[in-house]
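Here the structure comes first, spelled out in C-alpha cells, and everything after it is commentary.
Below, each value reflects all heavy atoms present in this structure, side chains not excepted, and no hydrogens, waters or symmetry copies. One-based numbering along the sequence shown.
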Amino acid sequence: MSFTSYMDIALEEARAAAARGEVPVGAVIVAPDGSVAARSGNRTRELADPTAHAEILALRAACAAAGSERLPGHDLYVTLEPCPMCASALSQARIARIYYGAADPKSGGVAQGPRIFAHPQCHHVPEVYDGIGAREAEALLRAFFAARR
C-alpha cells in the first residue's frame, strides 16, 4: 500500500485562514476510500466562536456528510498539533489516524501538555504521525505572528 499525503490541501487551508486574518491552521479529513471528506481552516474570529478551529470545522462537515457522529477509518491532516479540545473531539469521532505538521509546545494536546490520547479516560486512541509538512507549517505560523508584533 502506498502513502498519499494530503498535507498540501491542509496547507492551502492554512494560507487561506491567514489571508482572512485567522491563525494559519488548516485541516483535511480523508475518507477510507481516499476522497477528501472535508477541509477547513481556522475561523474563530470570523465566526466569533472559540471552538471554530480547523479540526472542529472539518469534523463537523465530515460528520454531516457521513450522517454520523463517528468517522472510523478516516484520517486527519492538520498543519498544527491539535489542542486538547480538538484532540478530544477527534477521539470522540473515532478518527483512525492523525498526521500533523508543526508541534505546538504552548497549546498542543497530543505530544505536549495534557497528552489527551495517553489519558486513561480516552476511549479511542488514533495513530499519530508528526512532522508532516512541518517546515512550511512552522514558516506560515512564524510569518503570521511576526506580522502582528
Side-chain angles (χ1 to χ4, degrees), residues 5-31 35-66 68-119 121-149:
S5 175
Y6 294 77
M7 191 59 76
D8 287 344
I9 298 170
L11 287 163
E12 285 176 23
E13 290 293 335
R15 287 189 287 274
R20 293 190 301 273
E22 300 279 356
V23 174
V25 177
V28 178
I29 295 179
V30 180
S35 64
V36 172
R39 58 190 283 173
S40 189
N42 274 358
R43 293 183 181 275
T44 58
R45 291 189 171 116
E46 176 185 340
L47 300 176
D49 179 356
T51 70
H53 290 195
E55 302 95 308
I56 299 295
L57 295 175
L59 269 178
R60 289 175 182 161
C63 285
S68 175
E69 77 282 9
R70 294 190 176 166
L71 300 170
H74 287 66
D75 296 341
L76 170 80
Y77 290 80
V78 62
T79 58
L80 182 65
E81 176 184 353
C83 73
M85 172 186 69
C86 292
S88 182
L90 294 165
S91 175
Q92 294 296 320
R94 305 303 196 262
I95 290 290
R97 285 165 293 281
I98 298 171
Y99 301 90
Y100 71 84
D104 189 354
K106 181 179 175 188
S107 301
V110 176
Q112 318 287 325
R115 299 177 190 205
I116 296 299
F117 303 134
H119 196 280
Q121 289 179 315
C122 182
H123 297 293
H124 170 75
V125 178
E127 295 174 31
V128 177
Y129 303 92
D130 63 354
I132 311 292
R135 275 191 233 147
E136 187 168 355
E138 291 164 359
L140 282 170
L141 289 160
R142 271 195 300 276
F144 177 82
F145 287 113
R148 275 145 185 77
R149 290 187 179 117

Between CZ on residue R94 and OG on residue S68, distance to nearest 0.5 Å: 10.5 Å
Worked check of side-chain contact (heavy atoms from CB on, under 4.5 Å) between Y77 and I98: CA-CA 6 Å; Y77 290 80; I98 298 171; over 6 Å; no
Testing the basics here: between A17 and P24, what is the closest heavy-atom pair and its distance to 0.1 Å? CB-CA, 4.2 Å
L11 side, atom CG; I132 side, atom CD1 - distance, nearest 0.5 Å: 11.0 Å
May I ask you to decide if C63's main-chain N or O and E69's side chain share a donor-acceptor pair within less than 3.5 Å? no
Return the CD to OG distance between E13 and S40, rounded to the nearest 0.5 Å. 6.0 Å
Atom pair CD (Q92) and CZ (R70), whose distance is rounded to the nearest 0.5 Å: 7.5 Å
Taken in chain and number order and not counting sequence neighbours, the residues that satisfy ring pair (Phe, Tyr, Trp, His ring centres under 6.0 Å) with Y129 are Y99
Could you tell me if the side chain of V125 sits less than 4.5 Å from the side chain of S91, heavy atoms only? no
Would you check, one step at a time, whether the test side-chain contact (heavy atoms from CB on, under 4.5 Å) holds for E81 with V128? CA-CA 10 Å; E81 176 184 353; V128 177; over 6 Å; no
Of all the heavy-atom pairs spanning G109 and A87, show the shortest one and how long it is. O-CB, 4.2 Å
With side-chain contact (heavy atoms from CB on, under 4.5 Å) as the test, would you mind laying out the steps for T79 and M7 before giving the verdict? CA-CA 7 Å; T79 58; M7 191 59 76; 4.1 Å; yes
Do Y6 and D8 touch side chain to side chain, with heavy atoms closer than 4.5 Å? no
Does one side chain, of T44 or N42, offer a donor that lies under 3.5 Å from an acceptor on the other? no
Which atoms form the tightest heavy-atom contact between G101 and A134, and what is the distance? O-CB, 3.5 Å
Test item: H124 side-chain N/O and I95 main-chain N/O as donor-acceptor pair under 3.5 Å: yes
Are the charged groups of R15 and E136 less than 4.0 angstrom apart, N to O? yes
What residue among L80, V110, V25 forms side chain to side chain contact (heavy atoms under 4.5 Å, CB included) with D104? L80
Main-chain N/O of Q121 paired to H119 side chain as donor or acceptor, under 3.5 Å: yes
Where do E55 and L76 come nearest, in terms of heavy atoms and distance? CG-CD2, 4.1 Å
Carboxylate-amine/guanidinium proximity below 4.0 Å for E12 and R39: yes
Checking side-chain contact (heavy atoms from CB on, under 4.5 Å) for the pair M85/I56: CA distance, chi angles, key distance, verdict? CA-CA 9 Å; M85 172 186 69; I56 299 295; 4.1 Å; yes
When every non-hydrogen atom of A96 is compared with those of D75, the smallest separation belongs to CB-OD1, 4.2 Å
For residues 138-149, which side-chain N or O atoms pair as donor and acceptor with protein atoms under 3.5 Å away, sequence neighbours left out?
| residue | atom | partner | partner atom | Å |
| --- | --- | --- | --- | --- |
| R148 | NH1 | F144 | O | 3.3 |

Salt bridge between R43 and E22, side-chain N to carboxylate O under 4.0 Å? no
What distance do H74 atom NE2 and L90 atom CG have between them, rounded to the nearest 0.5 Å? 12.5 Å
Please round to the nearest 0.5 Å and tell me the distance separating atom SG of C86 and atom CG of L59. 8.0 Å
Tightest non-hydrogen contact, residues A38 and A58, listed as CB-O, 3.3 Å
